[in-house]
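Given the structure is predicted, the values throughout are model-derived calculations rather than measurements.
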Amino acid sequence: MVNKAPTFIRLIPDRITIFSPDTPRIYNSNSFSLFRISKQTIPFISSLITGLLKLIKKSSKRPLQKHVKLNHNFPETNSDIFLKIPTPYDDGTNWIGRKNQATHPSVIQFDTEWNGYKYWMTYTPYPYGNDKKENPSLVSSNDGVNWVVPPKVVNPIISNRVIPSYLFDSYLSDSHLVYNKDKDELELWYRYVSNRKRNEILYRVRSKDTIQWTSPEKLVDDSNNLLQYVSPSVIYEEKKYRMWIMRDWYIYYLESYDGKEWSNPVPVFSGKKPIHSWHPHVCKIGNTYYLLNNDNDTNTGAGGKIYYSLSDDGIYFTKEKIILSSTGNGLSYDSTGVYRASMASGPQGFFLYYGQVSINYQWTIGLSTGLNLNKMRGMDKAKLNRYQKINSDFVSNEERCQEF
């Protein structure tokens, strides 16, 4: 029996909100639209749009749930708050996070301040899954918790307006930060997708001060294909770029000396098995590679789990261990789903940043912390207040690496 993906229509005075897994998208998250209408036309518009959406056929392995029974599933591992990441967009509502809808965090850190800050994050704004605003942006922090737009930085750093765009067609996504220590430059990598042309391109821009950026530089161009360079993680070391990607729902590894000519992709393993994934992230602490794997079997934002594993070479990882998953409780900010994660070292161990999706389809970034990845605890309001008073000294590598 095949389950049909439901259509969501939320009726609010003077506004009708529609989002559905059946909207015309090759993949990525759901389309979302807002129409301001009068109360008198709500029934007519609702019926019309419902009928139109039924004509659109698009498969999804697991659609968003239409009805969620509220429950008390509040795991200690999951964030109880969302980080107030300042975004360049207002979602048009009156809820407290109207300017904080962001996803796909990529965090890097420095031992000492670089251009005034120890932590840097790129993310993509994603208000209610609106991919036209999914434009790579930049924030910074000195404690890993409180994030600001640095002075003179204008977000978004890059916008899809600079690349030919067509309605319901192209968008940017999956931004990632790379520090090139040989050039003392911050590189912002991101992905461009054209559904109409079935084209997927990786670009980068570079900066020494995060204020002046180079023009977009094309790195990888995969024509007539999609799902080949999803969620790239890139590390620059030993004068070469090492990149991990999701390709056709599995993780692969490539390397390059210039970012343009790449080795053939090879599969990445956990134990002896290829790693199934939706959005992976790889970082390196000391001599250890950490893989944070957002595994899922759908692209709607529903469900999902975040695992971690370790490696000495970046290809053969230990058996995955789960960190957290979506709660499904109908109340928390990650009730509907969890998304790509990133990691840094904070005052008391690890900081795990992850995308989260609420029952109202609000996309925000959650935070869990802990001395090791087996003992993570979600950030709550009381803990958030305490962290604001703690300095940003790092814990030792020995304390961080006690998972096994």
Side-chain angles (χ1 to χ4, degrees), residues 26-28 104 106 108 173-182 187-193 198-204 217-297 299 304-323 339-343 373 403-404:
I26 297 297
Y27 75 98
N28 208 356
H104 203 282
S106 171
I108 62 172
S173 66
D174 296 5
S175 58
H176 185 84
L177 285 182
V178 184
Y179 177 66
N180 186 321
K181 63 180 179 181
D182 292 339
E187 301 183 5
L188 194 161
W189 294 45
Y190 61 95
R191 186 168 151 268
Y192 163 82
V193 173
R198 294 189 61 79
N199 196 24
E200 191 173 25
I201 304 174
L202 292 186
Y203 286 92
R204 74 175 170 192
E217 180 181 4
K218 184 183 295 186
L219 302 176
V220 178
D221 189 345
D222 196 336
S223 300
N224 299 316
N225 213 345
L226 292 175
L227 281 178
Q228 300 301 295
Y229 291 93
V230 176
S231 190
S233 286
V234 185
I235 296 174
Y236 181 80
E237 60 178 351
E238 298 177 351
K239 298 187 180 300
K240 65 182 177 183
Y241 294 96
R242 308 190 69 184
M243 179 166 69
W244 294 260
I245 55 173
M246 189 285 280
R247 170 170 290 192
D248 297 323
W249 299 95
Y250 287 88
I251 303 175
Y252 287 83
Y253 167 79
L254 309 85
E255 58 184 43
S256 170
Y257 286 98
D258 61 3
K260 298 179 181 180
E261 298 293 330
W262 292 89
S263 63
N264 292 326
V266 297
V268 174
F269 296 89
S270 173
K272 297 182 179 180
K273 296 181 179 180
I275 305 175
H276 188 274
S277 179
W278 172 227
H279 272 57
H281 172 83
V282 176
C283 63
K284 190 176 184 181
I285 298 177
N287 295 319
T288 302
Y289 295 92
Y290 288 74
L291 168 60
L292 301 175
N293 181 21
N294 169 225
D295 193 17
N296 211 331
D297 59 5
N299 52 43
K305 298 178 180 180
I306 296 175
Y307 298 87
Y308 84 94
S309 54
L310 310 179
S311 173
D312 294 329
D313 61 8
I315 298 177
Y316 295 95
F317 285 80
T318 57
K319 184 178 180 180
E320 289 188 300
K321 293 187 176 183
I322 190 168
I323 302 176
Y339 196 53
R340 202 246 203 178
S342 186
M343 190 170 72
L373 295 175
E403 290 86 354
F404 290 87

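Under the salt bridge (charged side-chain N to carboxylate O under 4.0 Å, His left out) criterion, D312 pairs with no residue, sequence neighbours left out. With sequence neighbours excluded, no residue forms a side chain to side chain contact (heavy atoms under 4.5 Å, CB included) with N264. With sequence neighbours left out, the salt bridge (charged side-chain N to carboxylate O under 4.0 Å, His left out) criterion links K272 to no other residue. Listed by chain and residue number, nothing satisfies the ring-ring contact (aromatic ring centres under 6.0 Å, His included) test with Y252 (two or more places apart in sequence, or in another chain). Y316 pairs by the ring-ring contact (aromatic ring centres under 6.0 Å, His included) definition with F269, not counting sequence neighbours. In this view, R242 and E237 satisfy the salt bridge (charged side-chain N to carboxylate O under 4.0 Å, His left out) rule, not counting sequence neighbours.
Going from atom NE2 of H281 over to atom CD1 of I306 covers 11.0 Å, rounded to the nearest 0.5 Å. Here CG of N293 is found 7.5 Å from OG of S309. Values are rounded to the nearest 0.5 Å. To the nearest 0.5 Å, atom CG of residue L254 and atom OG of residue S263 are 5.0 Å apart. Atom OG in S256 sits 8.5 Å away from atom CG in L219 (nearest 0.5 Å). Within the model, atoms NZ of K284 and OH of Y236 stand 13.5 Å from one another, a figure rounded to the nearest 0.5 Å. In this structure, the separation between CD1 on I245 and CG on L227 is 11.0 Å, given to the nearest 0.5 Å.
Inter-residue side-chain proximity for W244 and Y289 is flagged as met; some heavy-atom pair is nearer than 4.5 Å. By the 4.5 Å heavy-atom criterion applied to side chains, L373 and Y290 are counted as neighbours. K305 has its side chain out of reach of I323: every pair of non-hydrogen atoms, C-beta onward, lies at least 4.5 Å apart. Taking 4.5 Å as the limit, some side-chain heavy atom of L177 sits within range of a side-chain heavy atom of L188. M343 has its side chain within reach of I285: a pair of non-hydrogen atoms, C-beta onward, lies under 4.5 Å apart. Under the 4.5 Å side-chain criterion, counting only non-hydrogen atoms from C-beta, Y253 is not in contact with V282.
The minimum heavy-atom distance between R340 and P232, with the atom names listed, is NH2-O, 3.3 Å. Nearest heavy atom pair, residue P280 against residue I251, reads CB-CD1, 3.6 Å. Summarising the geometry of W278 relative to W249, their closest heavy-atom pair is CE3-CZ3, 3.5 Å, with the distance given to 0.1 Å. Contact detail for M243 and W262: the closest heavy-atom pair is CB-CZ3, 3.7 Å. The nearest pair of heavy atoms linking L226 to N199 is CD2-O, 3.8 Å. Residues S342 and L292 approach most closely at C-CD1, 3.7 Å, considering heavy atoms.
For the residue pair R247 / Y229, a side-chain donor-acceptor distance below 3.5 Å is found, with atom types taken as modelled. For N180 and Y241, the side-chain atoms include at least one donor-acceptor pair closer than 3.5 Å.
Taking the six-membered ring for Trp and thresholds of 30 and 60 degrees, H279 and H104 have ring planes more than 60 degrees apart, a perpendicular arrangement.
Between the S270 side chain and the E320 main chain, a donor and an acceptor come within less than 3.5 Å of each other. The closest donor-acceptor contact from the side chain of N294 to the backbone of A341 lies at 3.5 Å or more, if one exists at all. Without hydrogens or angle criteria, E200 side chain to Q228 main chain gives a donor-acceptor distance under 3.5 Å.
Around atom NZ of K273, no more than 12 heavy atoms belonging to other residues, nucleotides or ligands sit under 6.0 Å away. More than 12 non-hydrogen atoms from other residues, nucleotides or ligands lie less than 6.0 angstrom from CG of D313.
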Walk me through whether Y250 and H276 qualify under side-chain contact (heavy atoms from CB on, under 4.5 Å). CA-CA 5 Å; Y250 287 88; H276 188 274; 3.9 Å; yes
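In this structure, Y190 has its ring center at least 6.0 angstrom away from the ring center of H176.
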